Amino acid sequence: MVDPDHPYYAIQWAKVVLSCFQCNDENLILHSPDDDVVVKYNASTGTYSLIGNSSLEAYESLLNNISYVNRAIEPSRPLNRTITFTVSDGAHNTMTTTTIVINNVNDRPVLLLKGQNFTDYVFTEGGDAILLAGGIAVTDEDIEDSIMSATIRIDYRSNNPVFSDFLSLNERLISSGLQVNFQFPTMTITEIGRA
């Protein structure tokens with residue numbers, strides 16, 4: 001930070017504004033307050049206000065100790081954030097901006113089997129089909145993303161696979177946007193148009 005009038009004029013105030021102040025789980029943090037400068041943070045506007053006559057070096061130190069944090073599992077879009085810095089010596093204001101690009105991470109979906117586990121199922125030779133995992137639940141922290149595919153596989157412990165084993169899916173439950181393919185020993189459910 002440079003002021004041509006330094007050291008004749010002190011910096012009187014500064015502001016730091018986060019563009020996405022309404023977004024949840026993110027804010028600015030000031031690490032090293034200065035005794036000569038009153039610091040206030042307004043979480044509703046995402047604004048740090050720094051007020052008090054102090055040296056250019058003191059304000060520069062304060063502005064260099066502000067950091068950004070985002071604890072959201074799924075950050076609000078758009079993913080870019082603008083931080084606006086403004087300083088004033090009482091006669092003139094100057095402003096500059098910087099951009100934070102958030103690297104959004106695709107979290108792994110979670111698959112929970114609420115009911116029996118797979119060792120509990122008994123199939124009687126020649127009997128009717130049995131329902132597997134009727135209590136299964138799928139969650140994904142990435143609320144804006146959809147599940148693209150699912151795979152169910154028959155695990156057989158033999159060098160000679162038994163091709164009479166078969167997996168099927170109730171056709172009434174198949175969405176118009178999904179396609180189901182079974183090629184022993186695997187069933188694959190995918191969105192139409194996706195490989």
Side-chain angles (χ1 to χ4, degrees), residues 1-3 10-89 93-118 133-152 175 177-178 188-195:
M1 190 166 72
V2 177
D3 186 347
I11 302 297
Q12 293 191 9
W13 61 263
K15 282 188 178 181
V16 184
V17 182
L18 171 64
S19 63
C20 195
F21 62 84
Q22 75 276 17
C23 302
N24 294 327
D25 300 318
E26 60 187 280
N27 56 14
L28 299 172
I29 300 171
L30 177 61
H31 296 282
S32 302
D34 185 284
D35 292 338
D36 295 328
V37 179
V38 176
V39 179
K40 295 181 180 180
Y41 181 65
N42 187 334
S44 66
T45 61
T47 302
Y48 263 117
S49 297
L50 296 79
I51 303 169
N53 289 349
S54 193
S55 67
L56 182 146
E57 291 82 7
Y59 271 91
E60 188 174 74
S61 176
L62 283 168
L63 295 176
N64 278 321
N65 278 284
I66 293 176
S67 61
Y68 167 83
V69 65
N70 188 329
R71 296 185 176 87
I73 294 172
E74 182 69 10
S76 302
R77 297 175 189 270
L79 292 177
N80 289 0
R81 305 289 188 263
T82 300
I83 311 294
T84 304
F85 297 85
T86 307
V87 294
S88 174
D89 62 5
N93 303 344
T94 188
M95 181 181 72
T96 189
T97 62
T98 188
T99 301
I100 297 172
V101 179
I102 297 176
N103 182 18
N104 193 24
V105 177
N106 186 358
D107 297 294
R108 183 186 301 272
V110 177
L111 188 63
L112 299 174
L113 188 61
K114 293 181 176 180
Q116 301 168 291
N117 70 49
F118 289 109
I136 214 164
V138 180
T139 61
D140 191 345
E141 293 180 337
D142 297 313
I143 56 176
E144 296 184 10
D145 295 328
S146 60
I147 302 298
M148 295 169 54
S149 66
T151 302
I152 304 98
S175 163
L178 298 177
T188 304
I189 307 168
T190 56
E191 280 187 78
I192 292 174
R194 292 190 186 268

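What you see is a predicted model; the values in this text were computed from it and never measured.
- A pairwise comparison of heavy atoms in Leu63 and Phe85 identifies CD2-CD2, 4.2 Å as the closest pair.
- The CG atom of Leu28 sits 8.0 Å away from the OG atom of Ser67 when rounded to the nearest 0.5 Å.
- The heavy-atom pair separating Ser88 from Asn93 by the smallest distance is OG-OD1, 2.7 Å.
- Here Gln12 contributes atom CD and Leu50 contributes atom CG; the two are 13.5 Å apart, rounded to the nearest 0.5 Å.
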Could you please spell out the steps behind the side chain to side chain contact (heavy atoms under 4.5 Å, CB included) verdict for Ile29 and Tyr41?
CA-CA 9 Å; Ile29 300 171; Tyr41 181 65; over 6 Å; no
Between Ile102 and Tyr68, is the side chain to side chain contact (heavy atoms under 4.5 Å, CB included) condition met? List the steps.
CA-CA 11 Å; Ile102 297 176; Tyr68 167 83; 3.5 Å; yes
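- Minimum interatomic distance between Tyr59 and Gly52 (heavy atoms only, all atoms of both residues): OH-O, 2.6 Å.
- Closest approach of Ser49 and Lys15 over heavy atoms only: OG-CE, 4.0 Å.
- Taking CG from Asp89 and CG from Asn53, the interatomic distance works out to 10.0 Å, rounded to the nearest 0.5 Å.
- Here the side chains of Tyr48 and Leu18 are not in contact, with every heavy-atom distance at 4.5 Å or above.
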Go through the steps to decide whether Ile83 and Val16 satisfy the test side chain to side chain contact (heavy atoms under 4.5 Å, CB included), and finish with yes or no.
CA-CA 7 Å; Ile83 311 294; Val16 184; 3.6 Å; yes
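- Taking CG of Leu62 as the reference point, atom CG of Asp36 lies at 9.5 Å (rounded to 0.5 Å).
- With rounding to the nearest 0.5 Å, the separation of CG in Leu30 from NZ in Lys40 is 14.5 Å.
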Starting from the C-alpha separation in whole Å, work towards a yes-or-no answer on side chain to side chain contact (heavy atoms under 4.5 Å, CB included) for Thr99 and Thr97.
CA-CA 7 Å; Thr99 301; Thr97 62; 5.7 Å; no
